[in-house]
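Okay, structure first, notes after.
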Amino acid sequence: MSYAPFPRGPEASHPQFAGPPAGPSARSVTTRTVIGALLALAVLWGLVLLIAYGSLHTVTGQALDEVALAQAKADRNAYFPGAALVLAQYVPELVAVAAGVLALVWAVRYRRWTAAVCAAGAAFAANVTTQFLKHGVLDKPDLGIQQIASNSFPSGHTTAAASALMAVLLVAPPHLRARAGRWGALIAAVTGMLTILNGWHRPTDAAAALLIVGGWGVVAALVARAVDAALSRTDARPGAASARFYRQFRENRSRRRQDIEWSEDRGESAYLPPAHERAERQFAEQQRAEQERAARERGRAASYPQVQQGYPHAQYGHQQPQPTWSQPAPYGAPVYRPRCPARPRLGTAITLTVLAAALLAAAIWWPSPTVAGTLAGRVTLTAGYVGIAAAAALGWSLVARRLRAMAR
């Protein structure tokens with residue numbers, strides 16, 4: 001991290017202060033964290049099952065899906081030029097490729113290897129889940145409503161693009177997560193709507209695909225946070241925890257190497273103590289180092305009692321230096337770990353869900369028959385579009401909330 005120069009004053013003797021120290025809860029995985037992730041997963045995938053039953057096995061669900069698709073085709077021919085329609089055919093592939101490249105660049109640029117592995121696993125699992133549900137589990141009965149009764153639930157095009165966008169959110173560094181979540185949810189929702197405009201899928205297909213991706217994103221975020229809590233025991237730059245873990249493993253895997261180091265320190269003819277004595281001495285040295293570090297921290301806290309209330313030198317008119325994410329903190333300096341905002345907000349997802357439910361209820365209980373080309377048909381298609389936006393906002397907001405407490 002980089003720091004602004006400190007003016008003269010009592011703070012000049014402590015130039016390494018970088019903000020309020022972060023507690024251990026910034027990276028810990030508690031029972032509450034696991035239960036919250038499981039509840040989010042139950043909500044997302046429970047909605048997938050509910051949508052699957054309503055759109056596949058009920059007359060009303062199939063009828064509303066068919067009306068929305070017919071209305072989208074009518075609007076496509078009436079309001080969109082041919083060039084835009086041709087471009088819309090390639091949007092899912094372009095979004096998937098661009099998001100995948102961006103996720104790879106961020107993973108290499110910010111050394112987010114653990115998050116990259118979790119994101120790749122989540123993307124692969126989401127696409128496999130979609131294809132397995134579509135071709136192996138779910139079946140659409142022919143109720144005499146839809147012209148093509150073959151099952152297209154969930155949408156594979158939407159899953160491919162949305163899983164790449166979810167990978168971008170998982171790999172994004174803390175200062176870019178809000179932007180990645182906001183734009184990722186928006187682009188995923190637009191991609192799902194374009195699959196309806198192209199005539200490939202119905203609204204429930206795209207909404208279910210986004211919910212599936214959101215569920216696997218929650219799983220990946222929980223795994224990444226657990227690995228981060230297990231490996232991140234240092235305040236170094238992002239990505240250093242994994243490298244440090246591997247380096248320690250490589251240095252300690254050979255007992256012969258440790259014996260050689262002890263022999264070189266004491267001389268070739270010196271007495272080599274037994275393994276248990278060396279372990280005891282190493283443990284004593286570590287305990288002494290921990291005690292010295294704790295004494296330094298207590299002395300610093302005694303010198304500056306205002307640290308617990310905020311920045312200690314605000315009374316002199318000095319502003320707290322803001323750290324950056326490009327350089328590691330100096331040794332012994334408390335590290336400032338801000339809580340990254342979760343975007344999109346959960347309230348946005350709830351609002352869109354309530355609006356989609358209201359429009360759907362209006363389409364079901366419309367006094368006249370719901371037919372494409374009428375006001376009822378437009379209300380049905382609008383309900384489908386708002387439902388897709390709600391699914392994207394819900395999935396991305398729940399994943400962003402899981403990542404909010406991660407400092408790497």
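These values consider heavy atoms only, across backbone and side chains, with no hydrogens, waters or symmetry-generated copies.
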Check: Would Thr30 and Thr33 count as having a side-chain donor-acceptor pair, cut-off 3.5 Å?
Finding: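 Side-chain D/A pair, Thr30 to Thr33: present.
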
Margin query: Side chains of Trp216 and Thr129 only: does a donor on one sit below 3.5 Å from an acceptor on the other?
Written below: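 There is such a pair (donor and acceptor under 3.5 Å, judged by atom type) between the side chains of Trp216 and Thr129.
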
Rounded to the nearest 0.5 Å, how far apart are [atom1] of [X] and [atom2] of [Y]?
| X | Y | atom1 | atom2 | result |
| --- | --- | --- | --- | --- |
| Lys134 | Thr159 | NZ | OG1 | 7.5 Å |
| Thr191 | Glu93 | OG1 | CD | 10.0 Å |
| Thr204 | Leu64 | OG1 | CG | 10.0 Å |
| Arg109 | Leu176 | CZ | CG | 10.0 Å |
| Arg177 | Leu170 | CZ | CG | 9.0 Å |
| Leu49 | Leu211 | CG | CG | 10.5 Å |

Check: Counting distance only, does the side-chain N/O of Gln62 pair as donor-acceptor with the main-chain N or O of Leu56 below 3.5 Å?
Finding: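 Yes, Gln62 side chain to Leu56 backbone: donor-acceptor pair under 3.5 Å.
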
Notebook entry, point to check: Under 3.5 Å, side chain of Asn151 to main-chain N/O of Asp139, donor-acceptor pair present?
Noted result: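 No; zero donor-acceptor contacts below 3.5 Å.
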
Compare all side-chain heavy atoms of [X] with those of [Y] and state whether any distance is below 4.5 angstrom.
| X | Y | value |
| --- | --- | --- |
| Phe153 | Lys140 | no |
| Leu222 | Arg402 | no |
| Leu138 | Phe132 | no |
| Tyr385 | Pro203 | no |
| Leu360 | Val386 | no |
| Leu133 | Ile212 | yes |
| Arg345 | Ser397 | no |
| Asn127 | Ser163 | yes |

Could you pull out the closest heavy-atom pair between [X] and [Y], with the gap in Å?
| X | Y | answer |
| --- | --- | --- |
| Ser152 | Asp205 | OG-OD2, 2.6 Å |
| Ala107 | Trp113 | O-CZ3, 3.6 Å |
| Cys118 | Val223 | SG-CG1, 3.8 Å |
| Ala188 | Leu210 | CB-CD2, 3.9 Å |
| Leu398 | Ala40 | CD1-CB, 3.9 Å |
| Ala389 | Ala189 | CA-CB, 4.0 Å |

Checklist line | Residues Trp366, Thr380; criterion side chain to side chain contact (heavy atoms under 4.5 Å, CB included); working and verdict | finding: CA-CA 10 Å; Trp366 198 265; Thr380 304; over 6 Å; no

Next item on the list: Go through Leu346 and Leu394 one step at a time and tell me if the side chain to side chain contact (heavy atoms under 4.5 Å, CB included) criterion holds.
Entry: CA-CA 7 Å; Leu346 185 60; Leu394 182 61; 4.0 Å; yes

Notebook entry, point to check: side chain to side chain contact (heavy atoms under 4.5 Å, CB included) between His201 and Thr158: does it pass, once the steps are laid out?
Noted result: CA-CA 9 Å; His201 290 280; Thr158 306; 5.5 Å; no

Note to self: Is it the case that over 12 heavy atoms from other parts of the model lie below 6.0 angstrom from the CH2 atom of Trp183?
What the structure shows: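 No, because the 6.0 Å sphere around CH2 of Trp183 holds 12 heavy atoms or fewer from other groups.
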
Next item on the list: Using the side chain to side chain contact (heavy atoms under 4.5 Å, CB included) rule, take Arg202 and Ile196 through it: C-alpha gap first, then chi angles, then the decisive distance, then the call.
Entry: CA-CA 6 Å; Arg202 298 171 176 86; Ile196 304 171; over 6 Å; no

